[in-house]
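Inspection log for the structure reproduced underneath, given as structure tokens.
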There are 2 protein chains.
Amino acid sequence: MPLRIMQLGLGPIGLLTAEAVLGKAPGGQMELVGAVDVDPSKVGKDIAELLGADRPSGVVVRGDANRAVEELRPDVVLHTTSSFLERVAEQLETCLRSGAHVVSSTEELAFPFERHADLARHLDAVAEANGVVLVGTGVNPGYAMDALALAATGVCTHVRSIHVERVVDASRRRLPLLAKVGAGLSKARFEERAAEGGFGHIGLLESMRLVAHALGWTLDRTEESLEPVVAPDDVETKHMVIAEGDVAGIHHVVRGFVGDEAVLTLDLQMYVGADTPRDSIRVDGEPPIHLQVEGGIFGDTATAGALVNTAGVVHLAHPGLRTVAELPLPRAFGTTPGDHPVIQ
Amino acid sequence: MPLRIMQLGLGPIGLLTAEAVLGKAPGGQMELVGAVDVDPSKVGKDIAELLGADRPSGVVVRGDANRAVEELRPDVVLHTTSSFLERVAEQLETCLRSGAHVVSSTEELAFPFERHADLARHLDAVAEANGVVLVGTGVNPGYAMDALALAATGVCTHVRSIHVERVVDASRRRLPLLAKVGAGLSKARFEERAAEGGFGHIGLLESMRLVAHALGWTLDRTEESLEPVVAPDDVETKHMVIAEGDVAGIHHVVRGFVGDEAVLTLDLQMYVGADTPRDSIRVDGEPPIHLQVEGGIFGDTATAGALVNTAGVVHLAHPGLRTVAELPLPRAFGTTPGDHPVIQ
């Protein structure tokens, strides 16, 4: 029996995720049974139309998530509506109570046990009581700077420290990401808004806490820094022009200390014009490991991939609020070797 | 409570594994409670003596595995006695019946469901009946060419094919490995012994089957090739001299086909003098992923690391004969951030 998937949230990532589910082989391991968004311009349309596909999929976008989960009874809800846990807690709870596992791109959910300890306890109890799993994942947090960093230590007898670096060329990414990294702002405006907490990659601290927790490490303290990356010349992208001296993106670093030593460093650079995008994980350990993904992991597709693939294994974890460190080894789910299937 | 570990088998890998357990912080997450080997020259000695350590560990090598597990009741047995499942099945069964999880370096155990289907079924039943987990792992099989290859697909929405390449400089490795790859033999002698099945990396086919199974792929057929790598010049190693034209090691390749397409390729080169050791995983998928470990993963330490780290998470899997794909995401277990602990 294929896994019955409902997509909740049809922003850019939600649409990619729905597309990935629809792209699975017909009669295969998963099928899309529902799609939900609050946007009135999307409700009532066949999701294939939103994806620019020729043939209707038969899945019509609904506006009411509560009714949708009650009527459709999906096995797994793929949830992509917000980065912030407090905003989505009620949505998550509704899905869990319907008996669906929930795999969410909410960045703060990747490791919510410090920033939102009470809410995490509550959601854990709801999930457990309903015999289902709730987990936050995506490419980052959820993979590039945490799960993959942990996996890199999988054969180490000692680990002294881990240094993770992710460099993303923001110009290749979707428009909301450009706004998130402040691309195109003057330096003064960036700093004004940064002081109000308006920037920074949501979930970087969560990734670090997830790594520390899974390694059984207790950090004495954490440090966080956020600086603008300034365009050295005028840069033109598909979406905007950034003038020389204006902000091209962010350089966001978190560090975890034991005593005076930074034992965990997560260094994220997301800016327009980054010319050597990469993912690099250095484990100072025995054996030492330097793992790299050449050209970096392309984030938009990868987040959809992380969600869809996690849907395939989520039932194997113990019910409750879990992290990716408690799920089986990640792997692609429901793929067809050889040629890519086309959307039906 | 620290995990109580018994080391069964004190060859080069077993000693490294015992050393890794003894190297964990005292009062920490695991402790060595027993060590067993059949070699009369080892029995009765403190294992610290075998490791060349100054201070006794208090763990004296025993010769009788059955009595050892009955008396010591370890939580986990780390098993490193042979590559071949039929030779070790009885040992494994004894340990499982004592109520211990077993993490074994037996290469054929990494995915035994085809080569040894009946035996696999039997061991699965024994493990399940005793509420414990049996799993085969190590650096290869168990990590470099299978678990890490799967993890590389963890964010892919499509996977068309996977190409894994591992190049190992055999001169850096332990002596038994040199013998295993035929280093120093004439080409004629190599081919004679290869025809009798005397060479080749045990477990390469197992790695490929593990990857296919975890992806839900059915292979139409598999191909295997084994060629000697010939020394282009005289090569001198710590252990031997290899004359120009003699065998420096092996080039062992397995391929898995769907139709006419090789959708899985595992290409392993282990030879003396390999000047660019590396681990490389190319996923032809969406997004494409090219993951590399610079300089390769140093195998001896890494196998010990894989065993010790798996011991830390094995209880989280469902009882029975499992594969690494069914265990949680790999990660180092019981490590101390900052400086390395010294053996007590």
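These figures come from a predicted structure and were not determined experimentally. Note on naming: letters A, B, ... go to the chains in the order of the sequence lines (proteins, then strands), and numbering restarts at 1 for each one.
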Open item on the list: Looking only at heavy atoms and a cut-off of under 4.5 Å, which of B:Pro287, B:Gly28, B:Gly295 has the most pairs with chain A?
Closed with: B:Pro287
TODO: Spell out, as yes or no, whether a donor-acceptor pair under 3.5 Å connects the side chain of A:Lys24 to the backbone of B:His158.
DONE: no
- [ ] Flag the one option from B:Gly142, B:Ala147, B:Ala212 with the top tally of heavy-atom pairs under 4.5 Å to chain A.
- [x] B:Ala147
Task: From A:Thr323 atom OG1 to B:Leu329 atom CG, the distance as rounded to the nearest 0.5 Å - done: 8.5 Å
Open item on the list: Does any part of the side chain of A:Leu291, heavy atoms only, come nearer than 4.5 Å to the side chain of B:Leu148, both counted from C-beta?
Closed with: yes
Task: For B:Pro330 against A:Gly154, the heavy-atom pair lying closest together - done: CB-CA, 3.9 Å
Task: Gap between atom CZ of A:Arg160 and atom OG1 of B:Thr335 - 0.5 Å precision - done: 11.5 Å
- [ ] Any chance you could measure A:Phe298, atom CZ, to B:Ile289, atom CD1, to the nearest 0.5 Å?
- [x] 11.5 Å
TODO: Measure B:Val263 against the heavy atoms of chain A and call it side chain, backbone, both or neither at under 4.5 Å.
DONE: side chain
TODO: Kindly check if the number of other-residue, nucleotide or ligand heavy atoms within 6.0 Å of CZ (A:Arg322) is above 12?
DONE: yes
Task: Which of B:Ala151, B:Gly296, B:Pro288, B:Ala149 touches chain A most, by non-hydrogen pairs under 4.5 Å - done: B:Ala151
TODO: Determine the option with the most heavy-atom pairs under 4.5 angstrom with chain A, choosing from B:Thr153, B:Leu16, B:Thr137.
DONE: B:Thr153
Task: Interatomic distance, A:Gln292 atom CD to B:Ser280 atom OG [nearest 0.5 angstrom] - done: 11.5 Å
Open item on the list: With chain B as the partner, which of A:Ser161, A:Ala214, A:Gly216 has the greatest number of non-hydrogen pairs under 4.5 Å?
Closed with: A:Ala214
Open item on the list: Looking at A:Ala325, is its backbone amide N or carbonyl O close enough to the side chain of B:Arg331 to form a donor-acceptor pair, meaning the two atoms are under 3.5 Å apart?
Closed with: yes
Open item on the list: Suppose we screen for ring-ring contact (aromatic ring centres under 6.0 Å, His included). Which residues come up paired with A:His290, at least two apart in sequence or across chains?
Closed with: none
Sequence neighbours left out, cut at 3.5 Å: what donor-acceptor pairs do the side chains of residues 312-320 of chain A make with other protein atoms?
none

- [ ] Sequence neighbours left out, what passes ring-ring contact (aromatic ring centres under 6.0 Å, His included) with A:Phe333? Give chain and number order.
- [x] none
Task: Smallest separation among heavy atoms of A:Cys156 and B:Ala332, with atom names - done: O-CB, 4.0 Å
- [ ] Using non-hydrogen atoms and a 4.5 Å limit, figure out which bit of A:Leu327 sits close to chain B: side chain, backbone, both or neither.
- [x] backbone
- [ ] With chain A as the partner chain, list the residues of residues 301-310 of chain B whose heavy atoms fall under 4.5 Å from it, by residue number, and write 'none' if nothing qualifies.
- [x] B:Thr301, B:Ala302, B:Ala304, B:Gly305, B:Ala306, B:Asn309
